[in-house]
Peer 1: 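Below you'll find the structure I mean.
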Amino acid sequence: MSEERSLNFIEEIIEEDIKNGKHGGRVHTRFPPEPNGYLHIGHAKSICLNFGLAQKYNGQTNLRFDDTNPEKEETEYVDSIKEDVKWLGFEWQNELYASDYFEQLYGFAVKLINKGKAYVDESTPDEIAGQKGTPTEAGTPSPWRDRPVEENLRLFAEMREGKYQDGEKVLRAKIDLASPNMHLRDPIMYRIRHAEHHRTGDAWCIYPMYDFAHGQSDSIEGITHSVCTLEFIPHRALYDWFIEELEIFPSKQYEFARLNMTYTLMSKRRLLQLVNEGFVNGWDDPRMPTISALRRRGYTAASIRDFCDRIGVAKRENVIDVSLLEFCIREDLNKTAWRRMAVLDPVKLVITNYPEGQEEVFHGENNPEAEDGEGSREIPFSRELWIEREDFMENPSKKYFRLGPGLMVRLKHAYIIKCDGFIKDEQGNVTEVHCSYIPESKSGDDVSGIKVKGTIHWVSVPHAVTAEIRLYDRLFRIEDPGADGLDFREYINPESLQIIPEAYMEPDMVNAEFGKGFQFIRKGYFTLDKESEPGKLVINRTVTLRDNWAKEARKG
RNA sequence: UGCCCGAUAGUAUAAAGGUAGUACGACAGAUUUUGGUUCUGUUUGUCCAGGUUCGAAUCCUGGUCGGGCAACCA
């Protein structure tokens, strides 16, 4: 509250509630995923919001799995969700499951039946849909709507006992068939599903619907602020109705706009499709917007939290530009990643006046952004080096600050060199660049007086370590692949994954550890992939560096 | 054509009747042994029409546009 930063609308509500002494000033939120898929960056927004609110107002947050649909939910998803929330840096107060409340929920249903507010309906799904009417016409009552309480009680108990088949009967709330809010036209509370539940096994064959589970779970847990997304706005009236009829703790629901991001899909259903139909290699394929994919790709938890902080919380539909996410990870990694040199598309450079067989070792600080540089590593140097093919041009333009006939550059951490010539093969490809070095220009001890505009990275040929490097680009070619009326599968970016089987890196990379971010100088941020092994390194590019030269080059 | 949400630079998000601000992006320049980082500067906005008021992004009325709602999903 002491922060100068303005409050989002939910914080305003909470501060008002605290001021009024509501719930004794207590703030208790919850993050309620359904364990039917992996969490994505949109969930991260919700996680940061819910846990962040509790942190800010000295409250607590429950992790509650909304597991009321046995046919879609699996323990694998529960485990991944817990891992992701933890990794993001949040600790939940209680690990809970809506299925923990099945007995209690059953009791709530019985209470409503006794009040004459719920009835067992034997209509078919189609009949029930018909009975709901349309947005402009009132619904019509089911023939079973006015069954006596005793009969409802008996039938509902029989439903639980397993006396009926799936779909044979449902329990419906008796509310208002003429309500302009479709959700109030006698919504279904319970359905029959003879299915194995990931936690309760076959203990139940009736399962509560979302609307008869979520709000009640909030209430049971004493949730003070139940934050969900916009599409649940019409459910709020139902949420309140059940709580009021049941006379239980009055949790309140508040809705914010979910996150959408350019060039990405953000629905579990579609992400599942990408996985099942083989467009990506699993939920944690680094091109996916899932938390596990971002983590594997090299995104840090801090950068994702920062992103969620920057996008704000409001009720307006929004589409965030992915470039903001990229900004966040670059900003974080720039401060923490250790610098290394790697050549992704190599061409050989020979220093003609450097004695054959001679070697020397240079030192490069690990992190120039840190005050002490975080130590340094040794970088061997020799007569033959790998440099980036794009760092040499036979006919360079005036603004090109790299190598070309007669041009000079500095080799990072080493000497200034001058290009004297090059060799081409029959196809006209440059196969070797010849340079001479200036001995007086040694890095850190430069008395040559020469100033050069460009500095390039390099790797000593005899000392190079190889790795498979995977470069990722956006998965889709268009900004809104999820738009109505188009099949997102037709807009997959064929270049979203580019594999470099053998890139050359400076030898210190054999010491790289999992989870550590590296900046390959002038190339981008990289990290070890989970498939990496000591003898066979596999490296993911997290994100490129900002590239003003590319912009310049595009302009022509 | 029922009900419900929403509308501020390119994208987000502030301003609670009193100077329309911030971030990202874009553009220009400085610094730089990463064409990175950092720093400086510039650019672009209140959906429309009425009304209330000394004064409206904000309040009122009417429109327009966008989104949502009629799963035994959540």
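Numbers restart at 1 for each chain; the letters A, B, ... are given by sequence-line order, proteins then strands.
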Peer 1: Base, sugar-phosphate, or nothing for Asp321(A), non-hydrogen atoms under 4.0 angstrom?
Peer 2: sugar-phosphate
Peer 1: Looking at every strand, decide which applies to Tyr400(A) at a 4.0 Å heavy-atom threshold: base, sugar-phosphate, or nothing.
Peer 2: base
Peer 1: Just call it for Phe401(A): base, sugar-phosphate, or nothing, with non-hydrogen atoms closer than 4.0 Å on any strand.
Peer 2: base
Peer 1: If you pin Ala129(A) and Arg310(A) to their nearest nucleotides in RNA chain B, which one's is more 5'?
Peer 2: Arg310(A)
Peer 1: Considering every strand and a 4.0 Å limit on heavy-atom distances, what is the contact class for His413(A): base, sugar-phosphate, or nothing?
Peer 2: base
Peer 1: Any chance you could encode RNA chain B as dot-bracket? Rule is Watson-Crick or G-U wobble with both distances under 3.5 Å; [ ] for pairs crossing earlier ones, | for another strand.
Peer 2: .((((((..((((....[..)))).(((((.......)))))....(((((..]....))))))))))).....
Peer 1: Ser441(A): what forms a side-chain contact (heavy atoms from CB on, under 4.5 Å) with it, not counting sequence neighbours?
Peer 2: Arg410(A), Tyr415(A), Ile416(A), Ile438(A), Asp446(A), Ser448(A)
Peer 1: If I pick the P atom on rU43(B) and the same atom on rA28(B), what distance separates them, to the nearest angstrom?
Peer 2: 15 Å
Peer 1: For the base of rG35(B) and the side-chain ring of Trp549(A), does the geometry meet a stacking cutoff of under 5.5 Å between centres and under 30° between planes?
Peer 2: yes
Peer 1: Between the side-chain atoms of Arg410(A) and the base atoms of rU33(B), is any donor-acceptor pair under 3.5 Å?
Peer 2: yes
Peer 1: Does a side-chain N or O from Arg546(A) land closer than 4.0 Å to OP1 or OP2 of rU34(B), or not?
Peer 2: no
Peer 1: Just checking, Arg474(A) and Tyr263(A): is the charged tip under 6.0 Å from the six-membered ring centre and within 45° of the axis?
Peer 2: yes
Peer 1: Mind checking what makes ring pair (Phe, Tyr, Trp, His ring centres under 6.0 Å) contact with Phe156(A), not counting sequence neighbours?
Peer 2: Tyr106(A), Tyr190(A)
Peer 1: Tell me what Lys335(A) touches on the nucleic acid: a base, only sugar-phosphate, or nothing, going by heavy atoms under 4.0 Å.
Peer 2: nothing
Peer 1: Over all strands shown, is Leu324(A) touching base, sugar-phosphate only, or nothing at heavy-atom distances under 4.0 angstrom?
Peer 2: sugar-phosphate
Peer 1: Are OP1 or OP2 of rC73(B) and a side-chain N or O of Arg191(A) less than 4.0 angstrom apart?
Peer 2: yes
Peer 1: When you measure from the side-chain N and O atoms of Lys551(A) to the phosphate of rA26(B), is any distance below 4.0 Å, counting only OP1 and OP2?
Peer 2: yes
Peer 1: So Tyr207(A) and Phe102(A), would you call those rings parallel, tilted or perpendicular, with 30° and 60° as cut-offs?
Peer 2: perpendicular
Peer 1: Report yes or no: is the cationic atom of Arg172(A) (NZ for Lys, CZ for Arg) closer than 6.0 Å to the six-membered ring centre of Tyr119(A), at no more than 45° off its axis?
Peer 2: no
Peer 1: Kindly indicate whether the side chain of Arg402(A) and the base of rG35(B) share any N or O donor-acceptor pair separated by less than 3.5 Å?
Peer 2: yes
Peer 1: What does Glu317(A) touch in the nucleic acid at a heavy-atom separation under 4.0 angstrom: a base, only the sugar-phosphate, or nothing?
Peer 2: sugar-phosphate
Peer 1: Is there, by distance only and without an angle test, a donor paired with an acceptor across the side chain of Glu255(A) and the base of rG68(B) below 3.5 Å?
Peer 2: no
Peer 1: Starting from C1' on rA7(B), measure out to CG on Asn318(A) and report it in whole angstrom.
Peer 2: 13 Å
Peer 1: Sequence neighbours excluded, which residues qualify as side-chain contact (heavy atoms from CB on, under 4.5 Å) partners of Phe401(A)?
Peer 2: Lys453(A)
Peer 1: Heavy-atom nearest nucleotide on RNA chain B for Arg236(A) versus Pro368(A): which residue maps closer to 5'?
Peer 2: Arg236(A)
Peer 1: With sequence neighbours excluded, what pairs up with Tyr254(A) under the ring pair (Phe, Tyr, Trp, His ring centres under 6.0 Å) test?
Peer 2: His225(A)
Peer 1: Asp211(A) near the nucleic acid: base, sugar-phosphate alone, or nothing, with a heavy-atom cut-off under 4.0 Å?
Peer 2: nothing
Peer 1: Given the C1' atoms of rC24(B) and rA9(B), what is the spacing between them in whole Å?
Peer 2: 12 Å
Peer 1: So for His235(A) and rA74(B), does any side-chain atom that can act as donor or acceptor lie under 3.5 Å from a complementary atom in the base?
Peer 2: yes
Peer 1: Can you check whether any acceptor in the base of rU1(B) is under 3.5 Å from a donor in the side chain of Thr136(A), or vice versa?
Peer 2: no
Peer 1: Would you mind classifying the nucleic acid contact of Tyr207(A) as base, sugar-phosphate or nothing, using non-hydrogen atoms under 4.0 angstrom?
Peer 2: nothing
Peer 1: Just to be sure I understand the rule, does Thr229(A) reach a base, reach only the sugar-phosphate, or reach nothing, if contact means heavy atoms closer than 4.0 Å?
Peer 2: nothing
Peer 1: Between Thr68(A) and rA74(B), is there a contact of a side-chain N or O with OP1 or OP2 at under 4.0 Å?
Peer 2: yes
Peer 1: Looking at rU34(B), does its base get a donor-acceptor pair with the side chain of Arg339(A) below 3.5 Å?
Peer 2: yes
Peer 1: Using salt bridge (Lys or Arg N to Asp or Glu O under 4.0 Å) as the criterion, list what pairs up with Lys174(A), not counting sequence neighbours.
Peer 2: Asp146(A)
